Amino acid sequence: QLQASGGGAVQAGGSLRLSCGVAGANLRILGMAWYRRAPGKERELVASISSGGTTEYATSVEGRFTISRDNIRRNVFLQMTGLHPDDTAVYYCQRYPTPWDYWGRGTQVTVSS
């Protein structure tokens, strides 16, 4: 089960830290990722982190977002800084590269100009 939280409404330039609780899985052996879906757009991959800690980012967030993980507490995080209105979306965490069928409700991030 996936439980994303930490979203909210911020002004451009602000920061948020998203958290994702991963229940019922051995997080140590899994790659994980954050995706987002903006209104009227396709879901896109934002950032991923391998079981070994290797990270990759979408070009649009490189240098602004940081993905991390806590295997003991079964959490995955997304630190977001320098937010701008184009980052407005519902954010989801998922297994990577093969997502589970269940996506959860995600967490809404709204950035105003």
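As the structure is a computational prediction, the values presented were derived from the model and not from experiment.
- Between L30 and S51, the closest side-chain pair of non-hydrogen atoms is not below 4.5 Å.
- Grouping Ile, Leu, Val, Met, Phe, Trp and Tyr residues whose side-chain heavy atoms lie under 4.5 Å apart, directly or via other members, places Y92 in a hydrophobic cluster with Y35, L45, V90, Y96, W103.
- The number of heavy-atom neighbours closer than 6.0 Å to CD of Q11, taken from other residues, nucleotides and ligands shown, is 12 or below.
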request  = Would you please test L27 and V76 for side-chain contact (heavy atoms from CB on, under 4.5 Å) and show each step?
outcome  = CA-CA 9 Å; L27 190 60; V76 182; 4.3 Å; yes

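- Partner of F77 under the side chain to side chain contact (heavy atoms under 4.5 Å, CB included) criterion, out of D70, L18, I49: D70 alone.
- The side-chain heavy atoms of R36 and T88, taken from C-beta on, include no pair separated by under 4.5 Å.
- Side chain of R69 to main chain of S50: a donor-acceptor pair is present (N/O by atom type, distance under 3.5 Å, no hydrogens or angles).
- Put simply, CG on L78 and CE on M32 are 12.0 Å apart, with the number rounded to the nearest 0.5 Å.
- Of all heavy-atom pairs between A12 and S113, the closest is CB-CA, 4.3 Å.
- Side chains of Q108 and T110: a donor-acceptor N/O pair is present below 3.5 angstrom, by distance only.
- Remark: L2 CG to R95 CZ distance equals 10.0 Å, nearest 0.5 Å.
- Residue R74 holds its CZ atom at 15.0 Å from CD of Q3, rounded to the nearest 0.5 Å.
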Could you tabulate the donor-acceptor pairs under 3.5 Å formed by side-chain atoms of residues 61-68, not counting sequence neighbours?
residue	atom	partner	partner atom	Å
R64	NH1	G82	O	2.9
R64	NH1	D87	OD2	2.8
R64	NH2	S60	O	2.9
R64	NH2	H84	NE2	3.4
R64	NH2	D87	OD1	3.0
R64	NH2	D87	OD2	3.4

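- Atom CD of Q1 is separated from atom CH2 of W100 by 11.0 Å, given to the nearest 0.5 angstrom.
- Note that SG of C20 is 5.0 Å distant from CH2 of W34, once rounded to the nearest 0.5 Å.
- Side-chain heavy atoms closer than 4.5 Å link hydrophobic residues (I, L, V, M, F, W, Y) into clusters, and following such links, possibly through other members, connects V22 to I29.
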